[in-house]
Amino acid sequence: MKVRVGRDVLAEAVGWVARGLPARPSVPILSGMVVEAADGQLTLSGFDYESSTQVSVPAEVGDDGRVLVSGRLLAGICRSMPRDTVELSMVGARVQVSSGGSRFMLQTLPLGEYPSLPELPAAGGVVSGEVLARSVTQVVTAAGRDDTLPVFTGVKVEIRGPVITLLATDRYRLAVRSFEWAPADPELEADALVPAKLLAELAKTMAGHDVTLALGSTRTGDGLIGFEGAGRRATSRLIDGEFPKVRKLIPAPAAIASSVTVPVAALVEAVKRVSLVAERTSPVRITFEEGTATLRAGSGEEAEASEPVEITLTGEPIATGFNPAYLLEALGALGTPLARLDFTHPTKPVNLTGLRAPDDESAGASAYIVVPMRVAG
């Protein structure tokens, strides 16, 4: 093998595949990255039996070849190279990575022991990478991080014809986002539970291009999901389990007793300041009255803080409390200048909707449900 490729292009491609490699592989061979040069392309691949990543970049290929080397080590080396081009070549049983006066010699791993990458399932349709990235970003903050409860660490992907809906919850909050795509079958209906961490990384790196979404055995909750676009492809095994029936948490319009419209930036800054004096497990208390929301935290025994924020209230005044971190993440995920908070009761789940204007008609495309914390008294 002998190949020359741009340093920045190589570093980005190797880094993307390396991020998907296991930090503590169950089998040492899974720490490897397959490097293949052929037909004017350099292809890099990784697989850990749960997820796979593969990327191809244009390169000057002198001699075809295929080797397996330590993925994270190769990524570190490529980032540090001094010149604009990097050359990879075989020297005996080792791979030489060079740029300018820098030379690295890497031992190869036994390629024959490396598992074959899974094939992509049949293509289900195409979605804008920008839309996918924005939607995933709005949802993944609500996914759980406790690996002992795997169902909550995933994002549920619901496909109903031309509309995809993403849902995530950690039992204390719920995020929902719907968007349109172009399915191969306009009558397609499918569900898949995808690891949130993987989905977030893929959506971010494919944001600038259309993405082909491929689904395996979606009706039974197992199988694979695949993504392909911009010379990159990835697969992941779906999480096996039943996602909780969370749609009942979204309040029906008839059940809403109070609605509050508030500028997101003003509320975010107020929550950040007031929460400085809140104890770790204590809420930020908020009283919503006509024209003003008053935020309070702390107690008379220690430090206290309060701050008003201008609002528009429809319905009865209401007093409640929120975990400040959860509230800030919800407001940040909306991605709009205004937020509407719909209340059915001070202690019941609250529906946050992003608004671009007070009379925004498109607000139903996304929602973020936060469960209030009980406030003493």
- E289 backbone acceptor or donor facing T292 side chain under 3.5 Å: no

- Message: If you compare all heavy atoms of L334 against all heavy atoms of G354, which two are closest, and at what distance to 0.1 Å?
- Response: CD2-N, 3.7 Å

- Query: Would you find a donor on one side and an acceptor on the other, under 3.5 Å apart, between the side chain of R233 and the backbone of A230?
  - Reply: no

- Item | Polar side-chain atom of W16 near backbone of A11 as donor-acceptor pair, under 3.5 Å | no

- Minimum heavy-atom distance between L149 and R171, given as atom pair plus value: CD1-NH2, 3.6 Å

- So among T312, T353, N351, D342, which one has a side-chain hydrogen bond (donor to acceptor under 3.5 Å, both in side chains) with S259? D342

- What are the two closest non-hydrogen atoms of A203 and A133, and how far apart are they? O-CB, 3.4 Å

- Item | Rounded distance (nearest 0.5 Å) linking atom CD of E269 with atom CD of E307 | 9.0 Å

- Answer yes or no: is there a side-chain heavy-atom contact under 4.5 Å between R237 and L224? yes

- Specify the closest pair of heavy atoms between L120 and G226, including all atoms of both residues, with the distance to one decimal. CD2-CA, 3.6 Å

- Query: Which is it for F227 and L199 under the side chain to side chain contact (heavy atoms under 4.5 Å, CB included) test, yes or no, and what are the steps along the way?
  - Reply: CA-CA 10 Å; F227 303 84; L199 186 60; 3.6 Å; yes

- Query: Are the side chains of D191 and V157 in touch, meaning some heavy atoms are under 4.5 Å apart?
  - Reply: no

- Separation between CE (M373) and OG1 (T347), nearest 0.5 Å, reads 13.0 Å

- Within the side chain of S99, is there an N or O that forms a donor-acceptor pair under 3.5 Å with the backbone of R83? yes

- Item | Stepwise side chain to side chain contact (heavy atoms under 4.5 Å, CB included) check, R296 with E304 | CA-CA 7 Å; R296 298 183 176 87; E304 289 182 283; over 6 Å; no

- Item | Over all atoms of both residues, closest heavy-atom pair of L193 and F243 | CD1-CD1, 3.7 Å

- Is E12 atom CD crowded by more than 12 heavy atoms from other residues, nucleotides or ligands, each under 6.0 Å away? no

- In terms of hydrophobic clustering (I, L, V, M, F, W, Y; side-chain heavy atoms under 4.5 Å; direct or indirect links), are I77 and L44 co-clustered? yes

- Query: So do the side chains of V35 and V95 get within less than 4.5 Å of each other, counting heavy atoms only?
  - Reply: no

- Does one hydrophobic cluster hold both V126 and V163, with members joined at side-chain heavy-atom distances below 4.5 Å? no

- Query: Any chain of hydrophobic side-chain contacts (each under 4.5 Å) joining L111 to M33?
  - Reply: no

- State whether the side chain of T169 and the backbone N or O of R173 hold a donor-acceptor pair below 3.5 Å, judged by distance alone. yes

- Message: Checking the side chain of R79 only, and the main-chain atoms of L74 only, is there a donor and an acceptor separated by less than 3.5 Å?
- Response: no

- Query: Under the 3.5 angstrom rule, does the side chain of T287 hit a backbone N or O of T294 as a donor-acceptor pair?
  - Reply: no

- Path from V309 to V268 over hydrophobic side-chain contacts below 4.5 Å: yes

- Item | Minimum side-chain heavy-atom gap R232-T53 below 4.5 Å | no

- Task: Using modelled atom types only, decide if a donor and an acceptor are shared between the side chain of S282 and the backbone of A278 within a distance under 3.5 Å.
- Result: no

- When rounded to the nearest 0.5 Å, the distance separating CD of E228 from NE2 of H209 is 13.0 Å

- Any side-chain heavy-atom pair from L132 and L213 closer than 4.5 angstrom? no

- Would you confirm whether D48, through its side chain, and E50, through its main-chain N or O, come within 3.5 Å as a donor-acceptor pair? yes

- Taking every non-hydrogen atom, the tightest pair across S70 and L109: N-CD1, 4.1 Å

- Query: Counting distance only, does the side-chain N/O of T336 pair as donor-acceptor with the main-chain N or O of L355 below 3.5 Å?
  - Reply: yes

- Message: Does any part of the side chain of F322, heavy atoms only, come nearer than 4.5 Å to the side chain of V271, both counted from C-beta?
- Response: no

- Message: Less than 3.5 Å apart, any donor N or O on the side chain of T235 or S52 sitting next to an acceptor on the other?
- Response: yes

- Task: Show your reasoning for whether side chain to side chain contact (heavy atoms under 4.5 Å, CB included) applies to L295 and L267.
- Result: CA-CA 9 Å; L295 289 73; L267 183 56; 4.1 Å; yes

- Query: Would the number of heavy atoms belonging to other residues, nucleotides or ligands and lying under 6.0 Å from CD of E180 be above 12?
  - Reply: no

- Item | Residue D146 excluded, over 12 heavy atoms near CG under 6.0 Å | yes

- Query: With a cut-off of 6.0 Å (strictly less than), are more than 12 heavy atoms of other residues, nucleotides or ligands near CD of E279?
  - Reply: no

- Message: Run the ring pair (Phe, Tyr, Trp, His ring centres under 6.0 Å) test against Y49 and tell me which residues pass, sequence neighbours left out.
- Response: F47

- Rounded to the nearest 0.5 Å, what's the gap from OG on S135 to CD on E130? Could you check? 11.0 Å

- Item | ILVMFWY cluster, V9 and V97 together (side-chain gap under 4.5 Å) | yes

- Query: With a cut-off of 6.0 Å (strictly less than), are more than 12 heavy atoms of other residues, nucleotides or ligands near CZ of R4?
  - Reply: no

- At what distance, to the nearest 0.5 angstrom, does CD of E290 lie from CD1 of I311? 7.5 Å

- Message: Quick one, P337 and V264 - any side-chain contact, counting heavy atoms below 4.5 Å?
- Response: no

- If you round to the nearest 0.5 Å, how far is OG of S236 from NZ of K197? 12.5 Å

- Message: Quick check: do F343 and V260 have side-chain heavy atoms less than 4.5 Å from each other?
- Response: yes

Could you give the side-chain donor-acceptor pairs of residues 17-31 under 3.5 Å, partners two or more places apart or in another chain?
| residue | atom | partner | partner atom | Å |
| --- | --- | --- | --- | --- |
| R19 | NE | E201 | OE2 | 2.9 |
| R19 | NH2 | E201 | OE2 | 3.3 |
| S31 | OG | P28 | O | 2.8 |

- Message: Can you list everything that forms a salt bridge (charged side-chain N to carboxylate O under 4.0 Å, His left out) with R247? Sequence neighbours excluded, please.
- Response: E158

- Task: Go through the steps to decide whether S102 and M81 satisfy the test side chain to side chain contact (heavy atoms under 4.5 Å, CB included), and finish with yes or no.
- Result: CA-CA 7 Å; S102 296; M81 282 306 193; 4.0 Å; yes

